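Following: one structure in structure tokens, then a few remarks.
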Amino acid sequence: MVLVNKKTLAGGLSMVIVGLILTININAVVPVGQAGMTDEEKLDLMLAEQENEDYNTLASILFGLGFLLVLISFGARRKKGKPTKKVEKKVE
């Protein structure tokens, strides 16, 4: 029997799914340049590429945090039926 915290697992899986969907969508819409662009168009293209890269980084961070939550969920719950023992030490 595997100890799993279901709320943490569900939250982590949802973050993984959303991060994966965002990564796929962001990578599908890559700004493309063309020959004979003016300086202003080149600048706009560079800004769009940087923005796309930043969104991709944020989606990857979301995916990574979700994966960590999934891993944490396997062992985040205490075993039921085993009460914790309190140990008292005498100070001399």
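None of these values were measured; they are calculated from a predicted model.
Other residues sharing the hydrophobic cluster of V16, ordered by chain and number and joined by side-chain separations under 4.5 Å: L20, I24, F63, F67, L71.
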Report all side-chain donor-acceptor pairs from residues 29-38 shorter than 3.5 Å, counting only partners two or more places apart or in another chain.
{"unit_1": "T38", "atom_1": "OG1", "unit_2": "E41", "atom_2": "N", "d": "3.3"}

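Taking OG1 of T8 as the reference point, atom CG of L13 lies at 11.0 Å (rounded to 0.5 Å). Separating the CE atom in M15 from the CG atom in L68 is a distance of 9.0 Å, to the nearest 0.5 Å.
A side chain to side chain contact (heavy atoms under 4.5 Å, CB included) with I26 is found for one member of N56, I21, L58 and no other, namely N56.
Residue pairs meeting the side-chain hydrogen bond (donor to acceptor under 3.5 Å, both in side chains) criterion with at least one member in residues 43-52, sequence neighbours excluded, are Q50-D54.
Of all heavy-atom pairs between L22 and A59, the closest is CB-CB, 3.9 Å. Looking at every heavy atom in both residues, S60 comes nearest to T23 through N-OG1, 4.4 Å.
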